[in-house]
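Below: one structure, written as structure tokens.
These numbers were taken from a predicted model, which means no experiment stands behind them.
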Amino acid sequence: MKREKFGIVLPIVLMSYFMIVLDNSIIFTSTAKIGADLSLNTQALAWITNAYALTFGGFLLFSGKAGDIFGRKRFFMIGLVIFSISSLLVGLSPNGPMMIAMRAVQGIGSSILAPSTLALLMDNYNESMRTKAIAYYGATGGLGASFGLVIGGLISTYSSWRIAFLINVPIGIAMIVLSVKYLSASNKFSQKIDVLGTIFSVLGVSAFVYSIDGTVYRLPALVIAIISLILFVLQERRSVSPIMPLTLFKDTERKYAYLTRFFFIAVGMAYFFLTPLAMQRVYNFTPLMAAIGFLPETVPQFIAATVVTRITDRVKTSTIIFVGTALMFVGALLAAVVRIQAGYWLAIAIPMVILGIGQGMALGTLTIAGVAHTTPEMSGSASGVVNAIHQIGGSVGLSVVVALTASYIQPTAAYNVQMIWITILSAVAVLFSLGIIKGEKQPKKETTEEQSRNKNLNLELDESIKQN
């Protein structure tokens with residue numbers, strides 16, 4: 001049934017997703033104060049982010065599938081409870097070990113919420129309303145990351161970092177109450193959890209993320225990751241109920257949407273992390289000034305995302321993605337050519353406007369393409385894949401750019417070279433976006449489920465004709 005109004009479901013979903021994205025972004029500008037308050041060294045501080053990233057990335061594929069089996073409303077509410085309680089304990093942590101442990105639990109809550117929120121949108125909206133809802137979802141992710149920097153800068157300057165985590169508690173409680181009252185129970189699909197696939201995916205993705213973000217034993221972690229992921233793919237090929245159906249990658253549009261998203265978010269994460277740092281080191285901005293200095297990216301991104309939600313039923317998704325990634329490339333190229341010595345307005349602000357417009361256009365529509373043509377039984381798994389690629393792409397992008405520019409001691413030279421590599425990554429994203437255009441033009445084959453459903457409908461029709 002086509003819905004003419006979004007109702008309360010969309011605000012519940014978007015607010016829950018905004019909460020986890022915002023929380024992940026705030027940590028960037030709050031790290032220094034956390035270290036000072038809890039007497040943590042650089043290695044311990046890194047684990048505040050790494051512990052969250054390991055569990056978030058590691059459990060995403062499992063969580064996407066589990067929502068299909070146990071019911072998305074129920075699993076979504078479990079995620080809200082875990083995330084809210086762990087946020088409270090993070091905010092009250094008296095020492096580093098407790099905070100790191102609770103950040104790991106918080107990552108598990110986020111791994112449930114991220115795919116569950118997207119799957120709930122797919123359950124509750126159809127056709128053009130679903131497309132618009134998913135566009136809002138993607139825009140919310142970008143805005144949460146952007147505003148997280150600003151809010152983190154404000155908190156770091158004027159208040160305690162603990163507030164950034166404690167504020168999740170009343171929001172989480174409100175979302176739980178609204179979910180109980182307004183979310184309808186979703187369908188459960190009679191499938192079993194792929195235990196071996198779950199073990200291999202959690203071990204493989206977690207080890208891979210650690211090999212990028214970790215501090216010691218990174219090479220052994222990479223070896224474990226490669227072996228585990230190979231075993232995971234082999235298991236998914238033979239599993240009756242895979243947590244990541246490999247058929248997701250047979251659709252050309254979805255396949256290229258995943259590849260584009262990987263490099264798109266690699267650019268986004270590297271730029272979001274390195275640019276505020278450069279503003280502080282090169283221009284001597286305070287954390288708050290650097291956060292405010294990001295508004296030329298945030299405001300255009302919000303405007304572009306809002307416009308996109310209104311035109312998705314008139315303009316092809318692939319076209320919007322291509323234009324968005326191309327604008328992101330132009331913005332990055334301009335920053336690389338102008339160089340940071342030219343001053344904030346020329347080297348940062350103007351490229352930010354172009355980047356922001358491009359990111360606002362592409363992020364939501366990449367989500368739409370990533371779950372395109374999926375059946376209800378596969379929507380949770382597709383949501384898990386979208387979020388897993390988002391998480392891994394960001395970690396890989398940031399780590400690669402940092403590793404390739406580690407030899408540059410001087411902040412000015414480092415940022416200039418970093419922007420060159422970010423430009424290269426954005427060019428790759430543009431190239432893969434052309435594959436989405438190709439995939440959108442190809443005729444779609446019926447899935448086995450659709451064939452079965454149509455066959456049953458035809459049999460029922462034939463029987464009805466005979467009876468009459």
Side-chain angles (χ1 to χ4, degrees), residues 56-65 111 114-115 117-119 121-122 131 134-135 137-138 141-142 197 201 204-205 208-209 212 225 229-230 232-233 236-237 242-270 316-322 324-326 328-329 358-359 361-375 378-398 400 425-442 444-445 447:
F56 185 18
F59 283 90
L60 270 170
L61 294 176
F62 163 77
S63 297
K65 187 65 174 182
S111 77
T117 48
L118 181 53
L121 290 185
M122 297 176 69
T131 300
I134 296 175
Y137 177 89
S201 71
V205 175
F208 183 66
V209 172
I212 297 169
L229 291 174
I230 290 173
F232 171 66
V233 171
E236 296 308 275
R237 288 182 63 183
I243 62 173
M244 188 185 74
L246 298 183
T247 53
L248 286 171
F249 301 91
K250 292 182 179 180
D251 182 276
T252 303
E253 183 179 350
R254 283 198 302 264
K255 178 172 62 180
Y256 280 103
Y258 298 149
L259 291 169
T260 305
R261 189 183 193 92
F262 182 92
F263 287 94
F264 176 89
I265 200 61
V267 170
M269 181 63 73
K316 288 184 177 181
T317 299
S318 58
T319 301
I320 299 174
I321 292 172
F322 173 74
T325 53
M328 183 179 71
F329 167 74
Q359 290 175 339
M361 292 179 67
L363 186 56
T365 44
L366 276 171
T367 304
I368 294 170
V371 295
H373 321 299
T374 54
T375 63
M378 291 172 60
S379 60
S381 297
S383 303
V385 172
V386 167
N387 282 283
I389 288 172
H390 191 98
Q391 178 71 14
I392 295 171
S395 297
V396 171
L398 176 58
V400 166
L425 291 175
S426 62
V428 177
V430 175
L431 291 175
F432 280 128
S433 72
L434 295 173
I436 302 176
I437 297 175
K438 177 184 176 182
E440 200 175 52
K441 291 179 179 179
Q442 290 181 345
K444 305 302 174 187
K445 297 180 180 179
T447 63

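Distance OG/Ser426 to CZ/Phe263: 11.0 Å, rounded to 0.5 Å. Distance check: Leu61 CG to Met244 CE gives 6.5 Å after rounding to the nearest 0.5 Å. The distance from the CZ atom of Phe262 to the CG atom of Leu425 is 9.0 Å, given to the nearest 0.5 Å. How far OG1 of Thr131 is from CG of Leu121: 11.5 Å, rounded to the nearest 0.5 Å. In this structure, NZ on Lys316 lies 14.5 Å from OG1 on Thr365, to the nearest 0.5 angstrom. For the atom pair CE of Met361 and CZ of Phe322, the computed distance is 10.5 Å after rounding to the nearest 0.5 Å.
Listed here is the closest heavy atom pair of Gly370 and Ala382: O-CB, 4.4 Å. Summarising the geometry of Ala362 relative to Phe264, their closest heavy-atom pair is CB-CE1, 3.6 Å, with the distance given to 0.1 Å. Contact detail for Met328 and Ala429: the closest heavy-atom pair is CE-CB, 4.3 Å.
Side-chain atoms of Arg254 come within 3.5 Å of backbone N or O of Leu248 as a donor-acceptor pair. Side chain of Glu236 to main chain of Ile243: a donor-acceptor pair is present (N/O by atom type, distance under 3.5 Å, no hydrogens or angles). A donor-acceptor contact shorter than 3.5 Å is absent between the side chain of Tyr258 and the backbone of Ile389.
Checking Arg261 against Thr367 by side-chain atom types alone, a donor-acceptor pair falls below 3.5 Å. Checking Ser111 against Ser63 by side-chain atom types alone, a donor-acceptor pair falls below 3.5 Å. Tyr256 and Ser433 form no side-chain donor-acceptor contact under 3.5 Å, judged by distance and modelled atom types alone.
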*Kindly determine whether Ile436 and Leu366 satisfy side chain to side chain contact (heavy atoms under 4.5 Å, CB included), including the steps that lead there.*
CA-CA 9 Å; Ile436 302 176; Leu366 276 171; 3.9 Å; yes
*Pair Thr325-Phe432, side chain to side chain contact (heavy atoms under 4.5 Å, CB included): steps then yes or no*: CA-CA 10 Å; Thr325 53; Phe432 280 128; over 6 Å; no
*Evaluate the criterion side chain to side chain contact (heavy atoms under 4.5 Å, CB included) for residue pair Val205 and Leu60; output intermediate values, then yes/no.*
CA-CA 9 Å; Val205 175; Leu60 270 170; over 6 Å; no
*Could you please spell out the steps behind the side chain to side chain contact (heavy atoms under 4.5 Å, CB included) verdict for Ile134 and Met122?*
CA-CA 8 Å; Ile134 296 175; Met122 297 176 69; 4.2 Å; yes
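Under the 4.5 Å side-chain criterion, counting only non-hydrogen atoms from C-beta, Val385 is in contact with Phe249.
Applying the side-chain contact (heavy atoms from CB on, under 4.5 Å) rule to Ile265 yields the partners His390; only residues at least two apart in sequence or on another chain are considered.
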